[in-house]
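Structure, as structure tokens:
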Amino acid sequence: MIKLYNTLSRSKENLNTLKKNRVKLFVCGPTVYDNSHIGHARTYISFDVIARYLKYQGFSVFYLQNITDIDDKIINRAAKTGRDPIDLAREFEAEYLKDMKALGVESVNIYARATEHLPEIIAQIETLLDKGFAYETESGVYFDESKFTDFGKLSNRKIEDLHVHRIKPDPHKRNPGDFALWKKKDMKPFWDSPWGPGRPGWHIEDTAITGEYFGPQYDIHGGGLDLIFPHHEAEIAQMESASGLKPMVRYWMHTGFLNVKGEKMSKSLGNFITIKELLKEYPAEVFRFFVLSTHYRSPIDFSQEILEQSQNSLKRIYKFHETIGEFLSDGLPEKGENDELYMEILEDTRSKFLEAMDNDFNTPHALSLLFDFIRETNRKFKENDTSKESLYNIKSFLTEIGEILGFNFTAPSLEVGDDLTGELIDILINTRQKLREKKDWELSDEIRNKLGDLDINLEDK
RNA sequence: GCCAAGGUAGCUUAGAGGCGAAGCGGUGGACUGCAGAUCCAUUACACGGGAGUUCAAAUCUCUCCCUUGGCUCCA
């Protein structure tokens, strides 16, 4: 039984989906006005693994993500650079999708743009107006917070406590906490509506989109911790008011922040590293390992040193996979007397691994079990004979785990290099190998040292 | 002020009442012409301070200290 932590109840709950063996999962996507940073990547990798695991456990997962392609930030950025806002949004949407691909985030079924759901957005606002949950002013249409008694149930806040405002409330609003559903604007880009030209507020696109694909109620809604208030709170207010059905979402899941030197990474603090910058320095799987070695709800502190640690840790798994491959080419018997022993270790690890994943997707624990498995198996290799069958079983077990966590342990290496230098180095290596066969240690060591000076490290088997 | 998340070996993290964890790092050994890599073993006052509950507390309760975040831009 899969248990997950529900922000709404502040406790772990058993996963009971609306329809048996089906999960409708929505995660808030990016506002596409700039390149995404590794804090975003943390969230999307986490949900990628969650979706992968649900699939592994036999669920048919419908993973939906929105793309906010209309928003003040996009408009402002476009104005600064003299560009068309929609063009700008399309550009960074494409960059986002590239980044996700590079990070191995493959589980999203549909990316839905806000601008392609204007009819649904307008229809939902009309419903809210009809039912008296919203009102129109000269500046727009607003949700009337005082009509929704559950307001604050997700973030555990009372409306009375929400009187601190960094931005002066619009004087036309009935309550300071009322939020815009429709902003009346005649500056491009705008769309026609029953209330005149304008554009949607921030929160309405998500409920319009989920309403369209999932209906008024669905299983899991995810996002970063910073979205709990006000964004997710507003979503609940809109959808539960519009549909009259509660709850809109059964399980709310939130990822912890990625921090740098203890501070949240964010655009406004200027302490961000983009996904592209990161991937120039480190392979994507190193970052994925780094993300998965902390629980998804915990804060995670980013630094070069920790990434190096992750890289070294990940190498251990890759080396183990390599060792299996080497053994397999050694001409071992098909079956052996210790097959059962190896199978026992494997099955034991698998069941513990799944138990860890069932427990609110505890990837750090799951990884530590994988390391236990590697150590124990290595030890057995020393003490006992093995067979092809055992090795194949171990190999496919690693593949199985790799698919859940999004690693390809079969992939050759963590190294990057360009072709010509690679070929030149091969010539040197081969020459040196011949020298070694002649036991010319002096010259072969010299080659190794000189290559070492160039940061090319040779390791003899 | 209000609402949250944290403080576990040198570092990064699991664990949530009773078998003292995983990885990185350190040390030793095996292997090697040597080095490295690899593998094995081992190491480390481990649970922010104080009080309480209990036969038993890192884990529960209270209290204090510290860090971070949210409070209408945010993954």
Side-chain angles (χ1 to χ4, degrees), chain A residues 7 10 27-31 33 36-47 68 71-73 76 145 152 155-158 160-167 169 176-180 202-203 222-231 233-234 254-259 261-269 272 289-290 292-295 297-301 303 305-317 319-320 322-323 326 356 359 362-372 374-375 378-379 381-383 436 439-442 444-445 448-449 452 457-461:
Chain A
T7 308
R10 312 245 164 225
V27 174
C28 287
T31 301
Y33 70 104
S36 299
H37 60 63
I38 58 178
H40 303 113
R42 194 262 169 114
T43 292
Y44 299 125
I45 288 172
S46 298
F47 281 106
T68 303
D71 173 87
D72 287 352
K73 284 200 288 290
N76 293 340
E145 170 197 83
S155 55
N156 195 17
R157 277 161 219 244
K158 296 172 192 130
E160 324 63 282
D161 291 340
L162 301 176
H163 291 314
V164 189
H165 300 280
R166 282 184 297 184
I167 296 168
D178 293 351
F179 51 88
W202 176 35
H203 315 296
L225 206 61
D226 46 355
L227 295 180
I228 294 177
F229 187 89
H231 186 52
E233 206 71 75
H254 292 99
T255 51
F257 291 125
L258 185 143
N259 298 324
K261 295 189 181 111
E263 269 187 331
K264 177 187 167 189
M265 176 175 288
S266 74
K267 300 252 160 132
S268 36
L269 284 171
F272 62 93
F289 186 93
F290 162 73
L292 299 183
S293 57
T294 301
H295 187 84
R297 279 191 281 119
S298 302
I300 183 168
D301 208 78
S303 74
E305 294 87 315
I306 298 162
L307 222 51
E308 292 290 336
Q309 285 192 12
S310 298
Q311 180 146 21
N312 290 338
S313 305
L314 188 58
K315 267 188 195 159
R316 188 169 161 83
I317 305 175
K319 286 287 178 190
F320 179 70
E322 230 175 87
T323 306
E326 281 164 19
N359 182 16
N362 194 334
T363 52
H365 190 204
L367 283 172
S368 84
L369 292 163
L370 180 58
F371 284 111
D372 287 341
I374 289 173
R375 182 166 26 79
N378 270 324
R379 198 190 298 143
F381 284 158
K382 271 194 160 179
E383 296 165 357
R436 289 185 67 226
K439 298 198 191 288
D440 187 341
W441 310 125
E442 203 180 322
S444 60
D445 283 357
R448 183 173 61 193
N449 291 339
N457 298 306
L458 296 191
E459 294 160 8
D460 298 323
K461 288 276 176 202

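All figures in this text were calculated on a predicted structure; none of them were measured in a lab.
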Can you tell me which nucleotide in B:C34, B:G15, B:U13 comes closest to the side chain of A:Asn362?
B:G15
Using whole Å, report how far CG of A:Asp372 lies from C1' of B:C24.
15 Å
Measure the distance from NZ on A:Lys264 to C1' on B:A4 and round it to the nearest whole Å.
13 Å
Send over the distance from A:Arg42 CZ to B:G69 C1', rounded to a whole Å.
13 Å
What would the secondary structure line of RNA chain B be in dot-bracket form, counting Watson-Crick and G-U wobble pairs under 3.5 Å, with [ ] for pairs that cross earlier ones and | for pairs with another strand?
((((((((.[[[[.)..(..]]]]((((((.......))))))....[[[[[..)....]]]]])))))))....
Nearest to the side chain of A:Phe371, which nucleotide is it out of B:C24, B:A35, B:A22?
B:A22
May I ask you to decide if A:Phe179's main-chain N or O and A:Glu145's side chain share a donor-acceptor pair within less than 3.5 Å?
no
Expressed in angstrom and rounded to an integer, what is the separation of A:Trp441 atom CH2 from B:A35 atom P?
13 Å
Between C1' of B:G23 and CZ of A:Arg375, the distance in whole Å:
10 Å
Whole-angstrom distance between B:C3 and B:U72, as gauged at atom P
16 Å
Drop me the distance from A:Ser444's OG to A:Asn449's CG, to the nearest 0.5 angstrom.
9.5 Å
Using atom C1' in both nucleotides, what's the gap between B:G17 and B:C60 to the nearest angstrom?
8 Å
Under the criterion side chain to side chain contact (heavy atoms under 4.5 Å, CB included), I'd like the reasoning laid out for A:Ile300 against A:Phe257: C-alpha separation, chi angles, the key distance, then a yes or no.
CA-CA 6 Å; A:Ile300 183 168; A:Phe257 291 125; over 6 Å; no
With A:Asp440, which residues qualify under side-chain contact (heavy atoms from CB on, under 4.5 Å), at least two apart?
A:Leu435, A:Glu442, A:Leu443
Rounded off to whole Å, could you give me the NE2-to-C1' distance for the A:His295 and B:A22 pair?
16 Å
Return the set of residues passing ring pair (Phe, Tyr, Trp, His ring centres under 6.0 Å) with A:Phe47 (not counting sequence neighbours), or none when no residue passes.
none
Looking only at atom P, what distance separates B:C62 and B:A5, rounded to whole Å?
14 Å
For the side chain of A:Leu227, starting at C-beta, report the closest nucleotide among B:C11, B:A75, B:C34.
B:A75
Can you tell me which residue among A:Gln309, A:Arg316, A:Lys315 is in a side-chain contact (heavy atoms from CB on, under 4.5 Å) with A:Asn312?
A:Lys315
Under-3.5 Å donor-acceptor pair between A:Asn312 side chain and B:G23 base
no
